[in-house]
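Only this structure's heavy atoms are used, side chains among them; waters, hydrogens and symmetry mates stay out. For ligands, and for the atoms within them, numbers begin at 1 and follow the listed sequence.
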Amino acid sequence: MNPQRIAVLGGSGFVGRAVCERLARRSPAGAIVVPTRQAMHANAVRALPTIDVRVADVHNDAALRGVLAGCDAVINLVAILHGSAEAFRRVHVGLPQRLAAACAALGIRRVLHVSALGVGDNAPSNYLRSKTAGEAALRAAALDLTVLRPSVIFGAQDQFLNLFARLQAFAPVMPLAHGDARFQPVWVEDVAEAIVRCLDTPATIGQTLECVGPDVVTLADLVRLAGRWSGHPRPIVPLPAALGHLQALLMECLPGQPLMSRDNLASMRTPNVSTRALPGLESLGIAPAALARIAPGYLGRSDGRTKLDALRAAARRD
Ligand SMILES: NC(=O)c1ccc[n+]([C@@H]2O[C@H](COP(=O)([O-])OP(=O)(O)OC[C@H]3O[C@@H](n4cnc5c(N)ncnc54)[C@H](OP(=O)(O)O)[C@@H]3O)[C@@H](O)[C@H]2O)c1
């Protein structure tokens, strides 16, 4: 039987909102529980009819159990992109450990955990190594676990194509380190659909799925496309690794979330593309959308070339 009451940790985030929209369409009122650190972070999902938003600290065992009580499945989307090694461990390892303990205490078996492509014990960044350890913590527990590993995720509210587009709206050139880093961008709606299908598909228990789109692109390609599709194409100035490192260090010193950190740069040393050794979205019956079919629509100006890109992609003739 499909899960009846589901906790979505990180349900207020970019992927979480798309997951909650899908779950809300088919669930009775209160059947989807979304914890948040701050009520206003979850405004978008609170507007959905069946979502029960709770302000709770998921790093507190009692609070986490309060959120999970009565649930028969959990989706874990909580993550950070920037922070100290300690912060990565707390969020990416400590929380999965707490989650495993809470599930054991409450008799919850079904867990879907969103990790990241590029994980591995020898991964080059704190982000990826902590994600690796988080997966391992959940695998070591007696759970009906499915792990999803997406490449970089695009969608109307993404944090990378929109950022590259915004930067090009005012910067005359785009200084870029690691422009040859490879990605296989995947649409947020395809990732959300995959999560919901996994929930409904017991055969995915024990599986690790790679979530990638049809296009392998470099970081420089992504910057170029974001510039073109937003109507502000700027020349890219390749930065040597040392200067890129310095640029990231300076960004880390600015107030607020950095646009780029040294740890992000380190992550790019490993290709963010499918290994093809694991099942992908196709195994769930999903034909992932191409970047050029979706991104021009939300990045702004729709000029002739952009429309052509979108049409080519729709016809798969690019
Ligand atoms: N976006 C991508 O390109 C991408 C690529 C590969 C993998 N992924 C993975 O996909 C999953 C979802 O990513 P996303 O882009 O949707 O992330 P997101 O938008 O940043 O959302 C993260 C969620 O985690 C919660 N959160 C953040 N820091 C927290 C902390 N310190 N303690 C507790 N909760 C915290 C936030 O909830 P509140 O603020 O409401 O508390 C938020 O809802 C993550 O596992 C991520 O690593 C994402």
Side-chain angles (χ1 to χ4, degrees), residues 7-21 33-46 51 53-60 63-64 67 74-84 86-96 98-99 111-119 123 125-135 138 146-164 181 183-192 194-195 208-213 217 219 222 257 263-264 267-268 270-274 291 295:
V8 188
L9 312 186
S12 59
F14 171 48
V15 178
R17 291 190 294 272
V19 170
C20 286
E21 277 167 20
V33 189
V34 173
T36 179
R37 291 165 299 167
Q38 277 194 45
M40 63 180 290
H41 292 184
N43 281 348
V45 288
R46 188 182 297 99
I51 310 283
V53 172
R54 309 251 189 97
V55 175
D57 176 9
V58 292
H59 304 291
N60 174 291
L64 180 60
V67 167
V74 186
I75 299 169
N76 181 28
L77 297 157
V78 173
I80 55 173
L81 201 51
H82 309 290
S84 61
E86 191 187 326
F88 280 123
R89 277 205 73 76
R90 178 169 185 261
V91 177
H92 294 167
V93 191
L95 178 58
R98 283 179 201 292
L99 177 59
V111 172
L112 271 74
H113 176 68
V114 178
S115 180
L117 215 56
V119 292
S125 63
N126 284 324
Y127 172 82
L128 289 172
R129 284 191 296 274
S130 59
K131 282 283 200 185
T132 310
E135 283 190 16
L138 289 170
T146 305
V147 174
L148 294 100
R149 293 179 181 167
S151 182
V152 66
I153 303 173
F154 65 91
Q157 291 159 352
D158 70 49
Q159 296 291 332
F160 76 107
L161 284 181
N162 280 302
L163 172 68
F164 297 149
F183 298 89
Q184 206 165 346
V186 59
W187 189 27
V188 65
E189 298 299 335
D190 289 333
V191 176
I195 291 169
T208 298
L209 291 107
E210 293 183 331
C211 303
V212 297
V217 290
L219 181 63
L222 289 171
Q257 285 289 316
D263 201 66
N264 297 156
S267 289
M268 289 185 210
T270 196
N272 208 255
V273 299
S274 167
L291 195 59

Numbered atoms of ligand 1 (with element) below 4.0 Å of Thr36, judged on heavy atoms
38 (P), 40 (O), 41 (O)

Are Val111 and Leu99 packed together at the side-chain level, in the sense that at least one heavy-atom pair is separated by less than 4.5 angstrom?
yes

Could you tell me which residues satisfy ring pair (Phe, Tyr, Trp, His ring centres under 6.0 Å) with Phe164, sequence neighbours excluded, listed by chain and number?
none

Set of residues satisfying ring pair (Phe, Tyr, Trp, His ring centres under 6.0 Å) with respect to His92, sequence neighbours excluded
Phe88, Tyr127

Starting from atom 34 (N) of ligand 1, which protein heavy atom do you reach first, and at what distance in Å?
Val78 CG1, 3.4 Å

Interfacing atoms of ligand 1 (cut-off 4.0 Å, heavy-atom, Val91)
31 (N)

How long is the gap from CE on Met268 to CG on Leu128, to the nearest 0.5 Å?
11.0 Å

Got a protein heavy atom sitting under 4.0 Å from atom 40 (O) of ligand 1?
yes

Identify, for atom 36 (C) of ligand 1, the protein heavy atom at the shortest distance, and state residue, atom and that distance.
Arg37 NH2, 3.8 Å

Determine whether any heavy atom of Tyr127 lies closer than 4.0 Å to an atom of ligand 1.
yes

Considering only protein heavy atoms, which is closest to atom 12 (C) of ligand 1, and at what distance to one decimal place?
Leu77 O, 3.4 Å

Is the shortest side-chain heavy-atom distance between Val45 and Val8 below 4.5 Å?
no

Starting from atom 48 (C) of ligand 1, find the nearest protein heavy-atom neighbour and note its residue, name and distance.
Ile153 CD1, 3.6 Å

Flag for Ser274-Glu210: side-chain donor and acceptor within less than 3.5 Å:
yes

At the 4.0 Å heavy-atom cut-off, does Ser115 count as touching ligand 1?
yes

Check contact between Pro150 and ligand 1, using heavy atoms of the residue and a distance below 4.0 angstrom.
yes

Within-shell test, His113 vs ligand 1, heavy atom, strictly < 4.0 Å:
no

Could you tell me the separation between the CG atom of Leu112 and the CG atom of Leu9, rounded to the nearest 0.5 Å?
11.5 Å

Near Val152 (heavy-atom distance under 4.0 Å), the atoms of ligand 1 are 3 (O)

Qualifying residue, where the test is side chain to side chain contact (heavy atoms under 4.5 Å, CB included) with Phe154 and the options are Leu291, Leu222, Asp190
Leu291

Nearest non-hydrogen protein atom, atom 21 (O) of ligand 1
Gly13 CA, 3.4 Å

When rounded to the nearest 0.5 angstrom, what is the spacing between OG1 in Thr146 and CG in Leu138?
11.0 Å

Please list, in number order, the atoms of ligand 1 under 4.0 Å from a heavy atom of Ile80.
28 (N)

Please write down residue, atom name and distance for the protein heavy atom closest to atom 23 (C) of ligand 1.
Gly10 CA, 3.7 Å

If the cut-off is 4.0 Å to any non-hydrogen atom of Ser151, which atoms of ligand 1 fall inside it?
5 (C), 6 (C)

Find the distance between NE2 (His82) and CG (Asn126) and round it off to the nearest 0.5 Å.
13.0 Å

To the nearest 0.1 Å, how far is atom 10 (O) of ligand 1 from its closest protein heavy atom, and which atom is that?
Val114 CG1, 3.3 Å

Looking at ligand 1, would His59 count as a contact under a 4.0 Å heavy-atom criterion?
yes

Measuring from Arg90:CZ to Ser84:OG, what's the distance to the nearest 0.5 Å?
10.0 Å

With rounding to the nearest 0.5 angstrom, report the OG to CD distance, Ser12 to Gln38.
10.0 Å

In the protein, which heavy atom is nearest to atom 46 (C) of ligand 1, and how far is it?
Ala79 CB, 3.6 Å

Side chain proximity check, Asp158 to Val152, heavy atoms < 4.5 angstrom:
no

Heavy-atom nearest neighbour of atom 43 (O) of ligand 1 within options Ala18, Ser12, Ala116, Ser267
Ser12

Nearest non-hydrogen contact with atom 45 (O) of ligand 1 belongs to which option: Gln157, Lys131, His41?
Lys131

